[in-house]
Amino acid sequence: ATDVIITPTKEVSDYIFNLVKILKAYSKLDGKTKKEVSYIPLLVFNRAKQASLDMRLINPSLPIEKGQETKASRTADEVKRIYDLTEEEKGSQAIFIDTFQSSDSKGAYDAVDMALGQDFAEMLYPTAEGEGAKKRFNLYDEIKQLLIKKGIPENEIVIINDIPEKKREQVFADVNSGKIRVLMGSTQKIGTGVNIQERLAGVHHLDAPPRPSDLEQRDGRIFSHGR
């Protein structure tokens, strides 16, 4: 296993600093109010997880500077490296991401606004408005496009969410045969009880599932008992 470390950008550091401010404000609430808004620490945790993956999960319109390293770009680099190394064997790879889609935050924004005030709501849910503002960002789609730009054929890359459930067994068979070289999905969809290990040469974890057993399930796709 190899840990890949990416230096947080200023945007990530500033956002995490604001999350700490929100938790401090929450800690100063009286007991009754805390109980009423007990969901706030969970919202903060989820937003921190999104920010650590890609700030565009927080603000889909956030520009990425040319040459800026992100988890998506670094993942694409690693996947292409292994793809080339295992070309002769048609080695396949799995990319796990559980938090992959930016969300409509209107309801949560209003709840935090009511509990802590507008300033804290805007810290937690910064938005870009006006012409050109993007509504959603999908990390699977971003990585797929980066891989295609690096020369991996689109038909060798599959996002399991895009596949109807009744056709997924064929996808897994195609991963085992080497027809599909890159498979992306969540712990739930490709991490439990899925047989894709015949040619699996790499497993990439962009986030960590909350339960250790879920991580074991992910790794079980390549480190199976008896192999």
Q: Check whether any side-chain heavy atom of Pro60 lies under 4.5 Å from a side-chain heavy atom of Arg136, and answer yes or no.
A: no

Q: Could you pull out all residues at least two apart from Thr99 that satisfy side chain to side chain donor-acceptor pair (under 3.5 Å)?
A: none

Q: Say whether, by atom type as modelled, one donor and one acceptor occur between the side chain of Asp98 and the main chain of Asp207 under 3.5 angstrom.
A: no

Q. Are Leu146 and Val182 in one and the same hydrophobic cluster, where Ile, Leu, Val, Met, Phe, Trp and Tyr link if side-chain heavy atoms are under 4.5 Å apart?
A. no

Q.
Check for me, please, whether Ile22 and Val37 land in the same ILVMFWY cluster - side-chain distances under 4.5 Å, paths through other members count.
A. yes

**Q.** Same apolar cluster (I L V M F W Y, side chains within < 4.5 Å links), Leu43/Val12
**A.** yes

Q | Hphob cluster co-occupancy, Ile148 + Leu139, side-chain heavy atoms under 4.5 angstrom | A | yes

Q | Set of residues satisfying side chain to side chain donor-acceptor pair (under 3.5 Å) with respect to Asn18, sequence neighbours excluded | A | none

(Q) For a quick test of reading the model, state the closest non-hydrogen atom pair linking Leu23 to Pro41 and the distance between them. (A) CD2-CA, 4.1 Å

Q. Quick one: CD on Gln145 to CG on Leu147, what's the gap to the nearest 0.5 Å?
A. 9.5 Å

(Q) Is the shortest side-chain heavy-atom distance between Ile190 and Phe96 below 4.5 Å? (A) yes

Which pairs would a plain distance check flag for residues 45-54, meaning a side-chain donor or acceptor within less than 3.5 Å of a matching protein atom at least two apart in sequence or in another chain?
| unit_1 | atom_1 | unit_2 | atom_2 | d |
| --- | --- | --- | --- | --- |
| Asn46 | ND2 | Leu42 | O | 3.4 |
| Arg47 | NE | Tyr15 | OH | 3.3 |
| Arg47 | NE | Leu124 | O | 3.1 |
| Arg47 | NH1 | Gln50 | OE1 | 3.0 |
| Arg47 | NH2 | Leu124 | O | 3.3 |
| Ser52 | OG | Lys49 | O | 2.8 |
| Asp54 | OD1 | Arg56 | N | 2.9 |
| Asp54 | OD1 | Arg56 | NE | 2.9 |
| Asp54 | OD2 | Arg56 | NH2 | 2.8 |

Considering only distance and modelled atom types, tabulate donor-acceptor pairs under 3.5 Å from the side chains of residues 149-167, sequence neighbours left out.
| unit_1 | atom_1 | unit_2 | atom_2 | d |
| --- | --- | --- | --- | --- |
| Lys150 | NZ | Asp77 | OD1 | 2.7 |
| Glu156 | OE1 | Tyr83 | OH | 2.7 |

Q.
Going by the rule ring-ring contact (aromatic ring centres under 6.0 Å, His included), which residues pair with Tyr26 if we only count those two or more places apart in sequence or in a different chain?
A. none

(Q) Nearest 0.5 angstrom please: Phe17 CZ to Met123 CE, how far? (A) 8.5 Å

Q: Provide the full list of salt bridge (charged side-chain N to carboxylate O under 4.0 Å, His left out) pairs with a residue in residues 169-190, sequence neighbours left out, each pair given once.
A: Glu87-Arg181

Q: Check Ile196 against Ala94 and note the closest heavy-atom contact, atom names and distance.
A: CD1-CB, 4.3 Å

Q. Rounded to the nearest 0.5 Å, how far apart are OH of Tyr125 and CG of Asn59?
A. 14.0 Å

(Q) Treating Arg199 as the side-chain partner and Val175 as the backbone partner, does any N or O pair qualify as donor plus acceptor under 3.5 Å? (A) no

Q.
Please say yes or no: joined through hydrophobic side-chain contacts below 4.5 Å, possibly via intermediate residues, are Ile82 and Ile97 part of one cluster?
A. no

Q. Nearest 0.5 Å, what's the CG-CZ distance between Asp141 and Phe100?
A. 9.5 Å

**Q.** Student check: side-chain heavy atoms of Ile180 and Ser92 closer than 4.5 Å
**A.** no

Q. Say you draw a straight line from CD1 of Ile64 to OG1 of Thr9; how long is it, rounded to the nearest 0.5 Å?
A. 7.5 Å

Q: Sequence neighbours left out, what passes side-chain contact (heavy atoms from CB on, under 4.5 Å) with Ser13? Give chain and number order.
A: Pro8

Q | Leu116 side, atom CG; Leu29 side, atom CG - distance, nearest 0.5 Å | A | 5.5 Å

Q) According to the salt bridge (charged side-chain N to carboxylate O under 4.0 Å, His left out) rule, which pairs have a member within residues 22-35, sequence neighbours left out? A) Lys32-Glu36

Q: Check the pair Ile143, Leu206 against side-chain contact (heavy atoms from CB on, under 4.5 Å), reporting the backbone distance first and the verdict last.
A: CA-CA 11 Å; Ile143 293 171; Leu206 269 74; 3.8 Å; yes

Let me check something: any side-chain donor-acceptor pairs from residues 108-115 under 3.5 Å, sequence neighbours excluded? List them with distances.
| unit_1 | atom_1 | unit_2 | atom_2 | d |
| --- | --- | --- | --- | --- |
| Asp110 | OD1 | Lys106 | NZ | 3.2 |
| Asp110 | OD2 | Lys106 | NZ | 2.7 |
| Asp113 | OD1 | Gln118 | N | 3.0 |

**Q.** For Arg81, salt bridge (charged side-chain N to carboxylate O under 4.0 Å, His left out) partners two or more places apart
**A.** Glu78

Q: Could I get the full list of side chain to side chain donor-acceptor pair (under 3.5 Å) partners for Thr70, not counting sequence neighbours?
A: Ser73

Q: For Gln101, check side chain to side chain donor-acceptor pair (under 3.5 Å) against everything at least two apart and list the hits.
A: Asn138

